[in-house]
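Quick note: numbers below take in every heavy atom, side chains included, and nothing from hydrogens, waters or symmetry partners. Below, chains carry the letters A, B, ... as their sequence lines are ordered, and counting in each starts from 1.
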Number of protein chains: 2
Amino acid sequence: MELDIRKKKILQAIIKNYLETGEPVGSRTISKYTDLELSAATIRNEMADLEEMGYIFQPHTSAGRIPTDAGYRLYVDDMLESRTEELQKESERLHARSEELERREEELLSSEGSIDDRVGHIESVLKDVVKMLAANTNYTSVVSMPQTGRNRLKFVQLTKIDEDKLLCTVVLEGNIVKNEMIRIKEEIDQQMLLRLNLLLNSTLNGLTLQEINFDMAARTAEQAEQYGSLVSEIINHIAATIGSADGIEIFTSGARNIFRYPELSDSMRAGELISTLEEKELLTELMSDEETEDGNRSTGIQVYIGQETSLSSMKDCSMITATYEFEKGVYGKIGIIGPKRMDYEKVVDALNNVTDSLDRKFGKGKK
Amino acid sequence: MELDIRKKKILQAIIKNYLETGEPVGSRTISKYTDLELSAATIRNEMADLEEMGYIFQPHTSAGRIPTDAGYRLYVDDMLESRTEELQKESERLHARSEELERREEELLSSEGSIDDRVGHIESVLKDVVKMLAANTNYTSVVSMPQTGRNRLKFVQLTKIDEDKLLCTVVLEGNIVKNEMIRIKEEIDQQMLLRLNLLLNSTLNGLTLQEINFDMAARTAEQAEQYGSLVSEIINHIAATIGSADGIEIFTSGARNIFRYPELSDSMRAGELISTLEEKELLTELMSDEETEDGNRSTGIQVYIGQETSLSSMKDCSMITATYEFEKGVYGKIGIIGPKRMDYEKVVDALNNVTDSLDRKFGKGKK
DNA sequence: TGTTAGCACTCTGTTAACATGAGTGCTAAC
DNA sequence: GTTAGCACTCATGTTAACAGAGTGCTAACA
């Protein structure tokens, strides 16, 4: 069987209607809803075909039709295609369309000082953005802090805080900073500290977690004379620190929006969803900046429908993510989680706007 | 009317029964449940009295009775009293009783190195603890990072990271560390950086946020000669950093446990609760380490029943918090949120155990 | 005077029967 | 290929009946 234009139009009409109402949609509705001027009976025949092709299904005999994941997929792909075309042709119009949204974002993001304060405040900026996004879309939204690709060490520094405490500051490429307080057994003098700092920096600079191994820790420790054991422990700590930076930090907002959608809000489903949002580890996979080279990568928009996320807790959800650039080569992701019948179009627009703003604010230099 | 022993026993029986079943409890049940050997009719009379006194109420005519907040209060206060007595008399038994619980905690908390790694890992330790607590109690649990009382500045350090970036590391009393990346307009040499560090430390050391005002920023800036404007901006950043440290960091776990309790799990209520758990700001008040000097302060256990939290989202919940000591004088709180009919006794025990473990691990030196 | 048995009354939750309405598939006619 | 008509199915909502649990009250009892 072939998916001709008419079938596609009907499918689109079904989906659009279902997105709006959330109710199974019947042939009569479509007959009136579209400009196809077809009777309900005809539509019924076409719908039977569409069902056979796997794009729609009936929740029970004698109910209207609901899109399947495949149906959504088709719809979304079409939408994304026309969206990117549109984007290329007249990106301004896109902005104008959600003008109000953007105005609010601008307001939120613009607050300049004579020092560029962008780096220190990412966390709060992202929290604000994710909050606003959730409030504007009525879906749950999620953002990940920028992730350094390989987490190369850029700079280490030990500082004496108390007689028995050293502060170990680790800066990774992409200017991710981590601290660790280390308690030491015997006091250490400033002179020695300076030497240790030099030693650590010269040895560890530019290395990734994988490259800091037992062997080199031992060799470095040797050079530190009587502080050998201390140094090797410090290196362990540094490795652990880098490792912990590998865990992506994620913020969520608008979890309660789940309850707006009956298909997600029964105890079981909602509980599972809330869990994954709270524990965040499970979201890591979805929010990590993996390198896929499919067509949509250009706009950075990625759509996961139902099972496509491979998280069982999200089998009734869709998720849309977009990538923003923090520093050159350092990306983070921002996403929206909603019911499968979410307003994909609106969400894609909203995410595009947000990432534009973030890119302007952070990455690609302000306009 | 007087609350004699018999009435108290009946009230206790009602509450105990309600905690177990979650159903309104009737006179017949009590007549059998207690060792008072009274007929249902008698109990009914007493219950009418208890209702008049405001300790119990009927959800509707011809239903059993449910405790009011006042009823719970009475019950909890009695329980806490006997608990602390018991604690003083034979604290070992208490430990033995929840032996299994404690074993798990110990396992979780004990992992020693030759460097004392306690400081760097609080965050992960607390996350583990809160997770375990939620899993063991089947309630939602919450923990706050240690809060420095007044957030005095202990140490500042500027470090050059790139030509145009300084890393500003701020250490507050209680060894809370904060970083901020500052982008500067013109490069600065090491010599000058050293001087700025000295200047900043000598000026700001020991100050709280309140004490860092515009006036002194100006005076300090003067001393920095051509870097005056830079210094005053840096001071602003430092102030902001301290300010942000005032915001308590809170982790939650087991939010989904809300759905175990029907009285919390309808969309409205659950949504509101999830929101306050997600946004955390609202919890700040409850989790901040204010100095009350009521009796229960000794054990650090605090119980909020229903409206007592003053959060409307938690009007159907109870919350129990306990205080743990991180460093001398630096406390954090750990708490449990559940339905009003939660198992107060079990939760108090669990919290006592957890804070004991944390104190042993962090504060009062390992045993 | 405190306690108890008995009884009428109230409210909830469940079940069954029934009507309604939306939607389908199929057939026959256009 | 399209449409009108019709019988059939299924979910939903309403109503009535009924059992069960619990109360308050009264009268009897120790």
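Per the geometry, CG belonging to B/L36 stands 17 Å off P belonging to C/dG2, to the nearest Å. The interatomic distance linking B/E46 (CD) with C/dT1 (C1') rounds to 14 Å, in whole Å. For B/K7 and C/dG2, the NZ to C1' distance is 12 Å, given to the nearest whole Å. Between A/I43 atom CD1 and C/dT24 atom P there is a gap of 10 Å when expressed in whole angstrom units. C/dG21 atom C1' lies 13 Å from atom CD of A/E23, rounded to whole Å. Computed from coordinates, the B/D49 CG to D/dC25 C1' distance equals 15 Å when rounded to whole Å. In this structure, B/R44 atom CZ and D/dG22 atom P are separated by 10 Å, rounded to whole Å. Taking atom CD1 of A/I30 as the reference point, atom C1' of C/dA22 lies 14 Å away to the nearest angstrom.
Residues B/I320 and B/Y304 are not in side-chain contact: their nearest non-hydrogen atoms beyond the backbone lie 4.5 Å or more apart. Between A/I14 and A/I30 the shortest side-chain heavy-atom distance falls below 4.5 Å. Using a 4.5 Å cut-off on side-chain heavy atoms (C-beta onward), A/M132 and A/V354 make contact.
Residue contacts for A/A41: at a heavy-atom cut-off of 4.0 Å it reaches a base atom on one of the strands shown. Counting any heavy atom pair closer than 4.0 Å across all strands shown, B/T42 reaches a base atom.
Between B/S62 and D/dA21, a side-chain N or O to OP1/OP2 separation shorter than 4.0 Å is absent. Of the side-chain N and O atoms in B/R6, one or more sit less than 4.0 angstrom from OP1 or OP2 of C/dT3. Residue B/T61 places at least one side-chain N or O under 4.0 Å from the OP1 or OP2 atom of C/dC11. Residue A/R65 places at least one side-chain N or O under 4.0 Å from the OP1 or OP2 atom of C/dG25. For the OP1/OP2 pair of C/dG23 and a distance below 4.0 Å, the side-chain nitrogens and oxygens of A/S27 include no atom meeting the criterion.
Mapping B/A40 and A/V25 onto DNA chain C by nearest heavy atom places B/A40 closer to the 5' end of the strand.
Across the strands present, C/dA29 finds its partner in D/dT2; the criterion is a Watson-Crick or G-U wobble pair with both atom distances under 3.5 angstrom. Under the Watson-Crick or G-U wobble criterion, with both distances below 3.5 Å, D/dA19 is paired with C/dT12.
Remark: the B/E278 side chain and the A/T252 side chain contain an N/O donor-acceptor pair separated by less than 3.5 Å. Checked by atom type, the side-chain pair B/Y344/B/S318 shows a donor-acceptor distance below 3.5 Å.
When distances run from any side-chain atom of A/H60 to the nucleotides D/dA11, C/dT4, C/dT10, the shortest one goes to D/dA11. The side chain of A/T29 sits closest to C/dG23 out of C/dG23, D/dT3, C/dT24. Of the listed nucleotides (C/dC11, C/dT4, C/dT24), C/dT24 has the atom at the smallest distance from the side chain of A/M47.
Using a 4.0 Å cut-off between a side-chain N of Lys or Arg and a carboxylate O of Asp or Glu, A/D4 and A/K8 do not qualify as a salt bridge.
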